[in-house]
Undergrad: 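One structure, pasted below without further comment.
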Amino acid sequence: MSTIEPLIRSRQTETTVNGIATQVVCTEFSNYIFVVLTQYGKIGTLISVTPDSKSNDISTPMFSTKVLLGKEEPLTHVCAKNLATFVSREAGNRPVLLGLSLKDSSIEAIKHMKDIIKSCQVW
């Protein structure tokens, strides 16, 4: 008997980052990767992180961020790029839809969260 692959692959985990419970859910769709990173138990701000085809070097694209839902703040764009660009690159430069709801957005916390996202890799 052959094993049937699910149409939508998803992984999730929960851990503590700087004393705060943090949940991550990564879901792969055919045209994008959906990542939810929350310390509040909700999706929060929804950000689209897309590779920019206007880059001169196609192997290392630039990334643009756009807040689709939620609060528009400069720190949101910085966190989104730091957390999602490696996902897009590893997934063949597919766009990433990122749900972000953080209590702690320090540099150490963001580094730890990147590792958590890698542990939920579905791409």
Undergrad: For the OG1 atom of Thr45 and the CG atom of Leu37, what is their distance to the nearest 0.5 Å?
TA: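 Answer for the OG1-CG pair, Thr45 versus Leu37, is 11.5 Å.
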Undergrad: What residues form a side-chain hydrogen bond (donor to acceptor under 3.5 Å, both in side chains) with Ser10, not counting sequence neighbours?
TA: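 Testing Ser10 for side-chain hydrogen bond (donor to acceptor under 3.5 Å, both in side chains), a comparison that skips the adjacent residues, returns Thr27.
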Undergrad: Salt bridge (charged side-chain N to carboxylate O under 4.0 Å, His left out): which pairs involve residues 111-123, sequence neighbours left out?
TA: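 The answer is none; no pair qualifies.
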Undergrad: Let me check something: do Leu97 and Leu69 share a hydrophobic cluster, defined by ILVMFWY side-chain heavy atoms less than 4.5 Å apart, either directly or through other members?
TA: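 In one cluster: yes.
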Undergrad: I'd like to know if the side chain of Thr16 and the backbone of Gly19 have a donor-acceptor N/O pair within less than 3.5 Å.
TA: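 Between the backbone of Gly19 and the side chain of Thr16 there is no qualifying donor-acceptor contact (under 3.5 Å).
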Undergrad: Could I get the full list of side-chain hydrogen bond (donor to acceptor under 3.5 Å, both in side chains) partners for Thr85, not counting sequence neighbours?
TA: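 In terms of side-chain hydrogen bond (donor to acceptor under 3.5 Å, both in side chains), with neighbours along the sequence ignored, Thr85 is linked to no residue.
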Undergrad: Please round to the nearest 0.5 Å and tell me the distance separating atom CD1 of Ile110 and atom CG of Asp104.
TA: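 Output value for this atom pair is 7.5 Å.
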Undergrad: Is there any salt bridge (charged side-chain N to carboxylate O under 4.0 Å, His left out) pair reaching into residues 69-79, and which pairs are they, with sequence neighbours excluded?
TA: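 Non-adjacent pairs meeting salt bridge (charged side-chain N to carboxylate O under 4.0 Å, His left out): Lys71-Glu73.
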Undergrad: Could you give the distance from SG (Cys26) to CD1 (Ile33), rounded to the nearest 0.5 Å?
TA: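 Separation between the atoms: 8.5 Å.
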Undergrad: So, using side-chain contact (heavy atoms from CB on, under 4.5 Å) as the criterion, who are the partners of Lys42 when residues are at least two apart?
TA: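 So Lys42 forms a side-chain contact (heavy atoms from CB on, under 4.5 Å) with Tyr40, Ser101.
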Undergrad: For the residue pair Lys103 and Gln39, what are the closest heavy atoms and their distance?
TA: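 Heavy atoms of Lys103 and Gln39 come nearest at N-OE1, 2.6 Å.
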Undergrad: Report the distance from atom OG of Ser105 to atom CG of Leu75, rounding to the nearest 0.5 Å.
TA: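 So the OG of Ser105 and the CG of Leu75 are separated by 4.5 Å.
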Undergrad: For residues 14-36, which residue pairs pass the ring pair (Phe, Tyr, Trp, His ring centres under 6.0 Å) check, not counting sequence neighbours?
TA: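 Sorted pair list: Phe29-Tyr32.
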Undergrad: If we check side chain to side chain contact (heavy atoms under 4.5 Å, CB included) with Thr76, which of these qualifies: Leu102, Thr65, Val67?
TA: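 One option only clears the test, and that one is Val67.
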Undergrad: Under the salt bridge (charged side-chain N to carboxylate O under 4.0 Å, His left out) rule, what pairs show up with a residue in residues 11-36, not counting sequence neighbours?
TA: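 Passing the test, one end in residues 11-36: Arg9-Glu28, Glu28-Arg94.
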Undergrad: For residues 81-113, which residue pairs qualify under ring pair (Phe, Tyr, Trp, His ring centres under 6.0 Å), counting only residues two or more places apart or in two chains?
TA: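 Matches after skipping sequence neighbours: none remain.
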Undergrad: Tell me, do Asn18 and Ser106 make a side-chain contact under 4.5 Å, heavy atoms counted?
TA: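 Contact flag for Asn18/Ser106 side chains = yes.
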Undergrad: Looking at CD1 of Ile43 and CG of Leu98, how far apart are the two atoms once the value is rounded to the nearest 0.5 Å?
TA: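 Between Ile43 CD1 and Leu98 CG, I get 10.5 Å after rounding to 0.5 Å.
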Undergrad: Could you pull out all residues at least two apart from Thr50 that satisfy side-chain contact (heavy atoms from CB on, under 4.5 Å)?
TA: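 Partners of Thr50 under the side-chain contact (heavy atoms from CB on, under 4.5 Å) test: Ser48, Ser64, Pro95.
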Undergrad: Counting C-beta onward and ignoring hydrogens, is there a side-chain heavy-atom pair between Ile117 and Val87 closer than 4.5 Å?
TA: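 Counting from C-beta outward, Ile117 and Val87 do come under 4.5 Å.
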Undergrad: Please enumerate all residues that pass side-chain hydrogen bond (donor to acceptor under 3.5 Å, both in side chains) together with Asn82, with sequence neighbours excluded.
TA: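 Testing Asn82 for side-chain hydrogen bond (donor to acceptor under 3.5 Å, both in side chains), a comparison that skips the adjacent residues, returns none.
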Undergrad: Gln12: what forms a side-chain hydrogen bond (donor to acceptor under 3.5 Å, both in side chains) with it, not counting sequence neighbours?
TA: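 Gln12 satisfies side-chain hydrogen bond (donor to acceptor under 3.5 Å, both in side chains) with no residue once adjacent residues are dropped.
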Undergrad: Partners of Thr13 by side-chain contact (heavy atoms from CB on, under 4.5 Å), sequence neighbours excluded?
TA: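 Only Val24, Ile116, Ser119, Cys120 meet the side-chain contact (heavy atoms from CB on, under 4.5 Å) criterion with Thr13.
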